[in-house]
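Contents: one structure, followed by commentary.
Bear in mind that the values here come from a model prediction, so they are computed numbers and not experimental data.
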Amino acid sequence: MNIRRARKIIEKTYTDRAIIQRYEDYEEGSETKQRLITKYQDEPCRISQTGLARNGQTEAENQIDYDAKLFISPDIEILQGDELEVTRKGRKYKFTAGEPFPPYSTHQEINLTRKDRA
């Protein structure tokens, strides 16, 4: 199997773009605080829904909650708890990354959970 060619074929399906952010510690005086840092910007990727949406609608809010899978380059480091914003055809979706599975040579698959309020 030609890994380089297989990776190119898979990457042709990456029609979405991702911003990957992570909380990191920083010092403010004698306190250690956390802030959200952008680790990767405008990364080609593909999201796919893996489960049916769970509707938590009430009179006050409509909670959107479902699982998805992210397909992305194996060169990108994604950690459990990272926050992702994926843009598909102009629409933005926010996700939290699950525990990463060791990447394949051609791509990696990360389980995501979408939890937005509409």
Using a 4.5 Å cut-off on heavy atoms from C-beta on, say whether the side chain of [Y] contacts that of [X].
| X | Y | answer |
| --- | --- | --- |
| Asp82 | Thr96 | no |
| Leu70 | Ile78 | yes |
| His107 | Tyr14 | yes |
| Phe71 | Cys45 | no |
| Arg22 | Glu77 | yes |
| Thr13 | Glu11 | no |

Any side-chain to backbone donor/acceptor pair from Arg88 onto Ile47? Under 3.5 Å, distance only.
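Yes; judged by distance alone, with no hydrogens or angles, the pair exists.
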
If hydrophobic clusters are built from ILVMFWY residues whose side chains come within less than 4.5 Å, do [X] and [Y] share one?
| X | Y | value |
| --- | --- | --- |
| Tyr40 | Ile72 | yes |
| Tyr93 | Ile110 | yes |
| Ile76 | Val86 | yes |

Non-hydrogen atoms of [X] and [Y] that approach each other most closely:
| X | Y | answer |
| --- | --- | --- |
| Leu79 | Ala97 | O-CB, 3.6 Å |
| Gln108 | Ser73 | NE2-O, 2.9 Å |
| Ile19 | Asp42 | CG1-N, 4.3 Å |

Using salt bridge (charged side-chain N to carboxylate O under 4.0 Å, His left out), reason through Lys33 and Glu27 one step at a time and then give a plain yes or no.
CA-CA 6 Å; Lys33 296 184 176 185; Glu27 301 295 324; over 6 Å; no

Residues two or more places apart in sequence or in another chain: which of them pass side chain to side chain donor-acceptor pair (under 3.5 Å) with Lys69?
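Applying side chain to side chain donor-acceptor pair (under 3.5 Å) to Lys69 gives Glu109.
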
How long is the span from the [atom1] atom in [X] to the [atom2] atom in [Y], to the nearest 0.5 Å?
| X | Y | atom1 | atom2 | result |
| --- | --- | --- | --- | --- |
| Thr32 | Asp25 | OG1 | CG | 6.0 Å |
| Arg114 | Leu112 | CZ | CG | 11.5 Å |
| Ile20 | Leu84 | CD1 | CG | 5.0 Å |
| Glu83 | Lys39 | CD | NZ | 14.0 Å |
| Asp75 | Glu43 | CG | CD | 9.0 Å |

May I ask you to decide whether Glu85 forms a salt bridge with Arg17, counting only side-chain N to carboxylate O separations under 4.0 Å?
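No, this pair does not count.
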
Taking Lys92 first and then Asp16, would you say they form a salt bridge - that is, a charged N and a carboxylate O separated by under 4.0 Å?
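No, Lys92 and Asp16 are not salt-bridged.
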
Arg46 and Thr15: side chain donor to acceptor below 3.5 Å
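On atom types as modelled, these side chains qualify, holding a pair under 3.5 Å.
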
